[in-house]
Amino acid sequence: MATRKAQKLPDDGARNGWYETLPPPPPAQRAEGAVTVDYAVVGAGIVGLTVARRLGELRPTDTAALIDAERVGYGTSGRNAGFLLKGHSHGGEKDLELGRRNDRLCAAGLEHLRDIVMRHQIQCDWSDWGRIYVAAGGPGETHLKHLADGLDGIGTAYSAVDQDAMEAVTGTRFYSQGIRADGTALVQPAALMRGLGSTLPENVSLYEESPVSEIHSDDGFRLICPEGEIAARQVVLANHIFAEELGVARSRVVPVALFASLTRPLTKDELALAGGGGEFGLLPASPNGSTVRLTRDGRILMRNTLVYGRAKRFDEAQLSEALANHREGIKRRWPDLADIELDGTWGGTLGFTRNGGVVFGEMAPGLHAVMTTDAAPLTRGATAGKLLAEQICGVDSALLQDMLALPKAALLPPDPFLKFIVNRRIRKAETAEAGEL
Ligand SMILES: Cc1cc2nc3c(=O)[nH]c(=O)nc-3n(C[C@H](O)[C@H](O)[C@H](O)COP(=O)(O)OP(=O)(O)OC[C@H]3O[C@@H](n4cnc5c(N)ncnc54)[C@H](O)[C@@H]3O)c2cc1C
């Protein structure tokens, strides 16, 4: 019998501003006693939710358990900036076919999520506002030009937005330039995840507050949770950067922590300072820039500050630094809103690969893993989850072939080398592109 023991379990800390704006959820169903299912999916973020839904649909007479250590919507998938990207480019793609494949996967994920949201009337402030990539000065403009070249190469339509037009949208002259690409939705991410979790097929049971600390494999699998055990024929690890804690995809994914804050809803006068025209979504061209949204309910979301995330935890010093950076970001754009109350500052960890690669497929007999990394993780992750379920059930498609044609995530150097390299890159961007924050 083989045993995998989790070296570390999720703990996202005390705050998630998006989650806190929602009404409290009903009490969690925990994994208690002995449960037997056909499929066990570990991790109920965007990827696990889409794997479990599709397994339930394709195998209506089988049963599946979707298990999370926290509440659905509380983890990274519910603590991001809420951009459901139809495609993405970091610019300078050397392999244009790879860029096009990624865009097809993202676009399919966007439509898959749209279909579920519309069919189940999930209230998550879905809006097809799109996205504007922005620059605030020279360094950002260089990245923006690079990004535009990337979109040209892939064949994605976009239009230039000058400083006056940026001001008309946002009420600030902070941005010197932007480029607008349509086809992206903005959502309240915690609400979307909760909605996905509450509309799963009947043959899928959701277990929350049930961290899986061990997986035993011997003619099937036994997953150990604090109050019970789940026996399954097949297991899918959809637990993102925590897969390595169970011995899968080790040294393949760089964990990076990002931070965000949400203000209280702006008053009518305050909204006039922020463009007065309703919601918007801005993505920075510079790695040191800030993702900024004005939400449907009139809050400013500010997302900046990047740290190496191997700890998969956010300490007080990091949260204080992020809060100071978020305040600075608001002040630079809207000086009159510099002191506005924040309804939460929080961190989240996500994964990058060295080569734009993926973790997808069967890792050992009956043990599958799927991880969303790099660009557009929510939409590409939704597709990856759906496709993994289809692969398990023997359903082939052109999209699955696109997924299988992506490179596997390349091997990374171990810590402390990796930490050193990532920190050096972050510091370089912070110094050279400080004005983009
Ligand atoms: C601040 C911020 C902003 C971002 N903005 C965007 C954006 O606008 N658009 C975009 O596409 N992406 C964005 N991202 C990235 C995106 O949110 C993530 O890449 C994506 O949500 C990962 O999805 P996932 O399902 O793979 O993982 P997760 O959402 O991390 O889900 C994995 C789940 O597994 C659970 N888990 C882990 N280990 C165990 C265990 N042993 N037992 C039980 N459960 C376990 C965790 O609790 C977690 O809920 C952002 C991320 C951050 C932090």
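In each ligand, atom 1 is the first atom listed, and ligand 1 is the first ligand listed. Values reported hereafter were calculated over all heavy atoms of this structure, with side chains retained and with hydrogens, waters and symmetry mates removed.
With a 4.0 Å cut-off on non-hydrogen atoms, Ala376 touches ligand 1 through its backbone and not its side chain. Under 4.0 angstrom from ligand 1, the non-hydrogen atoms of Phe83 come from both its backbone and its side chain. At a heavy-atom distance under 4.0 Å, no atom of Thr373 approaches ligand 1.
For the pair Thr372 and ligand 1, the shortest N or O to N or O distance does not fall below 3.5 Å. At least one N or O atom of Ala81, backbone or side chain, sits closer than 3.5 Å to an N or O atom of ligand 1. Considering backbone and side-chain atoms together, Thr349 places no N or O closer than 3.5 Å to any N or O of ligand 1. Between Ala69 and ligand 1, an N or O atom pair is found at a separation short of 3.5 Å. Looking at Gly348 next to ligand 1, no N or O pair under 3.5 Å apart turns up. Looking at Arg303 next to ligand 1, no N or O pair under 3.5 Å apart turns up.
Arg79 forms a cation-pi arrangement with Tyr74, by the criterion of a distance under 6.0 Å to the ring centre and an angle within 45° of the ring axis. For Arg327 and Trp334, the positive end is not near the middle of the six-membered ring at less than 6.0 Å and at most 45° from its axis.
Contact analysis leaves Leu85 out of contact with ligand 1, as no non-hydrogen atom separation drops below 4.0 angstrom.
Under the 3.5 Å distance criterion, with hydrogens and angles disregarded, no donor-acceptor pair is assigned to the side chains of His143 and Glu436. With 3.5 Å as the limit, one finds no donor-acceptor pair spanning the side chains of Ser210 and Glu227.
With contacts defined as side-chain heavy-atom distances shorter than 4.5 Å, the pair Lys5/Thr3 qualifies. For the pair Phe174 and Val292, the minimum side-chain heavy-atom distance is 4.5 Å or more.
Distances from atom 40 (C) of ligand 1 to the heavy atoms of Val47, Thr379, Val212 show the closest one on Val212. The residue among Val370, Thr76, Leu306, Thr291 with a heavy atom at the shortest distance from atom 18 (C) of ligand 1 is Thr76. Considering Leu378, Asp11, Ile224, Asn80 only, the shortest heavy-atom separation from atom 3 (C) of ligand 1 involves Asn80.
Using a cutoff of 4.0 Å between basic side-chain nitrogens and carboxylate oxygens, Glu244 and Arg310 are scored as salt-bridged.
In this structure, CZ on Phe352 lies 12.0 Å from CD1 on Ile241, to the nearest 0.5 angstrom.
Checked against the 6.0 Å centroid threshold, Tyr39 and His368 do not count as a close aromatic pair.
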